[in-house]
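Letters go in sequence order (proteins before strands), and every chain restarts at 1.
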Amino acid sequence: MRLKRLFSLLYDLYGPQNWWPVDRQYHQLKGTDPRDEIIIGAVLTQNTSWKNVERALENLKREGELSLNFVRSVELEVLKELIKPSGFYNQKATRLKAISEFFNPTQRVQEASREELLKVKGIGKETADAILLYAGDRLTFVIDKYTQRFMKRFLKVEGSYEELKEFFESNLEPDLFIYKEFHALLDEHAKRYCRSIPLCEECSLRNLCLSAGPSS
DNA sequence: TACCAGGTGGGAA
DNA sequence: TTCCCACATGGT
């Protein structure tokens, strides 16, 4: 099956996911950059449910400011308290400080190099690609464990992060909308049905899945 | 109670 | 390179 066909199937099933969610009204009011919210959220969501990330983002809005400027200037211990609900707050606070130092007026996310971004402590491939795609509008496909699990089962495609990323990028047209939505749709489907213990009986893609096989 | 969530870094093999 | 573990809160 062509990836574009898979994308269409998922898009028809779940509709637009509109990743990355950003409070545009807040940023307009505060004069802050909505891209900062994506960058901060990308770090906070590492191995963490989005609900918990939202609590941390709310804390930043309410008791500080949802911006890299604020992250850069606030005391580390205060930052830890604010982001506590997102878990791993000690290392995430340090990582937020590091990424806030990386992005400054001379280093815009629209022009940042992936290699340089990966050198920032706490920014791995997935976080780097998520930042570049969703905050920087850069054509880089994001792979996560949902994508890896789904692709392994559905198309029997597996490999390293870079191999899977290359698989998507070489089989998809270079379209930002598709890159952004496809990743979000794969997550949505994996969360609903292609779980660690899959719900194949309820999955509407089961007839096309190379692992589940056709249902009777 | 146990497991999972929009991962990463460091150390051991 | 690959595997294993620590990192932490909150929901089911």
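First and last contacts of DNA chain C with chain A, using any nucleotide atom under 4.0 Å from a protein heavy atom and ordered 5' to 3', fall at dC7(C) to dG11(C).
When rounded to the nearest whole Å, the span between CD of Gln148(A) and P of dT8(B) equals 11 Å. To the nearest angstrom, P of dC4(B) lies 9 Å from NZ of Lys145(A). Nucleotide dG6(B) holds its P atom 19 Å from the CZ atom of Phe182(A), rounded to whole Å. For the pair Asn52(A) CG and dG7(B) C1', the computed distance is 15 Å after rounding to whole Å. Put simply, CD1 on Ile123(A) is 14 Å from C1' on dG6(B), counting in whole angstrom units. The nearest whole Å value for the distance from the NZ atom in Lys125(A) to the C1' atom in dG6(B) is 18 Å. One atom, NZ of Lys119(A), and another, P of dT8(B), lie 17 Å apart when rounded to the nearest Å. Atom CD in Glu188(A) sits roughly 13 Å away from atom P in dA5(B) (whole-Å rounding).
When the nearest nucleotides of DNA chain B are assigned to Gly122(A) and Trp50(A) by heavy-atom distance, the more 5′-ward of the two goes with Trp50(A). Ranked by how close their nearest DNA chain C nucleotide is to the 5' end, Lys51(A) and Asn47(A) are led by Asn47(A).
Judged by distance alone, with hydrogens and angles left aside, the side-chain atoms of Lys92(A) form a donor-acceptor pair with the main-chain N or O of Leu44(A) at under 3.5 Å. Glu181(A) places a side-chain N or O within 3.5 Å of a backbone atom of Gln17(A) that can act as its donor or acceptor partner. In this structure, Arg149(A) contributes its side chain and Cys194(A) its backbone to a donor-acceptor pair below 3.5 Å. Remark: the backbone N or O of Phe70(A) is paired with a side-chain donor or acceptor of Ser73(A) at under 3.5 angstrom. For Arg138(A) (side chain) and Val109(A) (main-chain N/O), a donor-acceptor pair under 3.5 Å exists by modelled atom type. Distance alone, capped at 3.5 Å, is enough to place a donor-acceptor pair between the Asp36(A) side chain and the Leu68(A) backbone.
When the side-chain nitrogen and oxygen atoms of Thr127(A) are compared with OP1 and OP2 of dT8(B), one or more of them lie within a distance under 4.0 Å. Within the 4.0 Å cut-off from OP1 or OP2 of dG6(B), at least one side-chain nitrogen or oxygen of Lys191(A) is found. In terms of phosphate contacts, Lys121(A) brings a side-chain nitrogen or oxygen within less than 4.0 Å of OP1 or OP2 of dG10(B). OP1 or OP2 of dA5(B) lies within a sub-4.0 Å distance of a side-chain N or O belonging to Tyr146(A).
Taking atom C1' on both dC3(B) and dA8(C), the two are 14 Å apart, rounded to the nearest angstrom. The separation of dC7(C) from dC4(B), taken at their C1' atoms, amounts to 15 Å, rounded to a whole angstrom.
Contacts with DNA chain C (heavy atom under 4.0 Å) in residues 155-177 of chain A: none are found. A heavy-atom distance below 4.0 Å to DNA chain C is reached by these residues of residues 89-100 of chain A, ordered by number: Tyr89(A), Asn90(A), Gln91(A).
Using a 4.0 Å cut-off between charged side-chain N and carboxylate O, Arg192(A) and Glu188(A) make a salt bridge. The residues Glu116(A) and Lys119(A) are annotated as salt-bridged, a charged nitrogen and a carboxylate oxygen being separated by less than 4.0 angstrom. The pair Lys80(A)-Glu77(A) meets the salt-bridge criterion, with a side-chain N (NZ, NE, NH1 or NH2) lying under 4.0 Å from an Asp/Glu carboxylate O.
Ring centroids of His189(A) and Tyr193(A) are separated by less than 6.0 Å, placing the two rings close together.
Both tests hold for Lys84(A) against Tyr89(A): distance to the six-membered ring centre under 6.0 Å, angle to the ring axis within 45°.
With dT8(B), dG6(B), dA5(B) as the choices, the nucleotide that has an atom nearest any side-chain atom of Gln46(A) turns out to be dT8(B).
Within the 4.5 Å cutoff, the side chain of Leu57(A) has no heavy atoms near those of the Tyr26(A) side chain.
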Lys152(A) and Ser211(A): CA distance, side-chain angles, deciding distance, side chain to side chain donor-acceptor pair (under 3.5 Å) verdict:
CA-CA 9 Å; Lys152(A) 183 176 176 181; Ser211(A) 293; over 6 Å; no
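Under the stacking criterion of a centre-to-centre distance below 5.5 angstrom and an interplanar angle below 30°, Trp19(A) sits stacked against the six-membered ring of dG6(B).
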